Amino acid sequence: MPVRQHCALSTGLFLLALVLLLGSPGLAHAESDVEGDPNAIGHSANGYYLDVMPIGKIELPRLLLTRHADGLSFDVYGTTKEALQSGRYVITDGEGNVLSEAEMQYAIDQKKHYNFPLAAASGPGIIIDFSITRHLLAVFLSALLLVIIGLRLGARYRRGIGREEAPRGVWQNMMEVLILFVRDEVAKPAIGGKYSRYMPYLLSVFFFILIGNLLGLIPWGVTATSNIMVTGTLAAFTFVITQFSGTKDYWRHIFNPPGVPLAVKPFLVPAEFIGLFTKPLALAFRLFGNMVSGHLVIVSILGLIFIFAAQFGAGVGWASTLLSVPVTLFVWMLKFAISFIQAYVFTILSALFIGMALEDHEHEHHEEEPPEPHEALLEQAEEYVPGDGVSTTERPTPQPTV
Amino acid sequence: MTILLLLQQVDPPTPSLLQVDAGLVFWTAVVFLIALGILWKYAWGPITEALDERETRIQESMQAAEKALEEARKIQADNERARREAEQEGQRILREAREEAERLRDEEVQETRERIATMRDQAQDEIAREKQSALDDLRAEVADLAIEAAERILGEALDQSRHRKLVENMIEELPQN
């Protein structure tokens, strides 16, 4: 216990030093405005730049599918600035009013132009904005890391390590724990017999979300999963897979629920139908909310330092670090735990939805029943090895599976 | 200056956390699908297959080991039983041999004893016979001597056969021994 306290203390001190080192220019000219607004939303929202602290903000490429006055075109620019300077795009104030040439130039000078919505200078306008945003970069990075990890791990198994012999090393064992967890605690109980068909998806989604979550915890990291579009896309995959796995029985239970009075059906069927979409929506919003909230809380608590500095002077700002930094550390650790928990929650709910769609209600309305007692006994009986009276008593009693 | 003052009021709109972005959805879907495809073929497929294979093999080898142990126990029990049977057989043979020997010895003794008895009987018979013949001889001798003595005494030769009859009658009257 004292060791752990010491550890936490030294980590806290390290973080404090980090804040002092990196935060000092911030304290000197207190972020963007005089109130010391940490701009928590701006930090958490998507953007067309990367915020790399000592270097500054790096603009990201813009890829735009636009219908100009002269026709459809796919425009590629290295930066938002280039897009504006090409004359084919303008920025608006978010309410449909195009900023004037001078205002645009001023925004570019102030390095604020990438915060304004982009619009086509002429014609019907942008159809789809394929621009590389920072959340998209996080998606790319997560996927890249996942593929690298997956390929390296897969190569080990194909070489025979873990197949013919025991898995070696912390890395492989740790990954195997997670993979087996997804298989034995998520896929098997939730989906049942046909679980292996869905394993690649469940594993991909689990590790993709996990890596995405964890990437947001490292300095300069961006959380891909704190974007509702990303979580929504993943939830959409679950939705599609669920519907394509749906048995006849599943659809019958939605559009013609058996054992329900006819008078109730007009109310129940729409509710069931809406339920099809609320499940993945909840999936998307749960992950998004969990990830964005942690981000907002961390930025806000650290932002208190700058607010105090702006409101009451730098001295108070410095003093508030004594509170803000430990609280941030605590929230950070919470987020670390949540990263795993939410990856698990998303995966197990996906698996449950798929499992529900696959289920064949052979005995009507008894699907929630626990396994028959004799089946459990049978399982125990299979565990029992006859012939040796001593070893069976020493054998740990089989745990009931969830 | 006035323009600049005006411009400062043009602040970027607060970004929305729920910004709809079709491009991001497209990219995410594409990237995720590519990752899923690669991982399916080169990572999760081989890995889950390897894990299943490993588990099956471990299960099988455990079962095989248990079966082997079972078999070894059975063989051991068989051996034990065979050994015990052999021991019993050996003891039985030994006992029988001892009994046989005992019996043979007894028979031998009995036979010897019988033979000795027979020999003794024969010897006794022989002795009795010899004694009888000796007595007969002696009797004849005595009769002759008596006759001779009587002849000398009487000096007169009596009828030989009558004399003899007389003497023999006298001898008959003598005690046997």
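Residue numbers begin at 1 in each chain, while the letters A, B, ... track the order of the sequences. What you are looking at is a predicted structure, and each value in this text was computed from that prediction instead of being measured.
Proximity to chain B is limited to the side chain of A/Ile179, based on heavy atoms less than 4.5 angstrom apart. Proximity to chain B is limited to the side chain of A/Leu63, based on heavy atoms less than 4.5 angstrom apart. Both the backbone and the side chain of B/Tyr42 come within contact range of chain A, each with at least one heavy atom under 4.5 Å from a heavy atom of that chain. Both the backbone and the side chain of A/Tyr201 come within contact range of chain B, with heavy atoms under 4.5 Å apart. Residue contact with chain B, scored on non-hydrogen atoms closer than 4.5 Å, involves the side chain of A/Ile128 exclusively. Using a 4.5 Å cut-off between heavy atoms, B/Gln19 touches chain A through its backbone atoms (N, CA, C, O) alone. Using a 4.5 Å cut-off between heavy atoms, B/Gln63 makes no contact with chain A at all. Only the side chain of A/Arg183 comes within less than 4.5 Å of a heavy atom in chain B; its backbone stays farther off. Looking at A/Gln110, neither its backbone nor its side chain comes within 4.5 Å of chain B, counting heavy atoms on both sides. For A/Ile161, no part lies near chain B; criterion is any non-hydrogen pair under 4.5 Å. With a 4.5 Å cut-off on non-hydrogen atoms, B/Leu39 touches chain A through its side chain but not through its backbone.
Ring centers of B/Trp44 and A/Phe207: under 6.0 Å apart, within the cut-off.
Across B/Thr48, B/Asp52, B/Ile58, the residue that shares the most heavy-atom pairs under 4.5 angstrom with chain A is B/Asp52.
More than 12 non-hydrogen atoms from other residues, nucleotides or ligands lie less than 6.0 angstrom from CD of B/Glu96.
When all heavy atoms of B/Pro46 and A/Arg158 are compared, the closest pair comes out as CB-CG, 3.8 Å. For B/Gly23 against A/Phe130, the heavy-atom pair with the smallest separation is CA-CD2, 3.9 Å.
Remark: the backbone N or O of A/Gly162 is paired with a side-chain donor or acceptor of B/Arg54 at under 3.5 angstrom.
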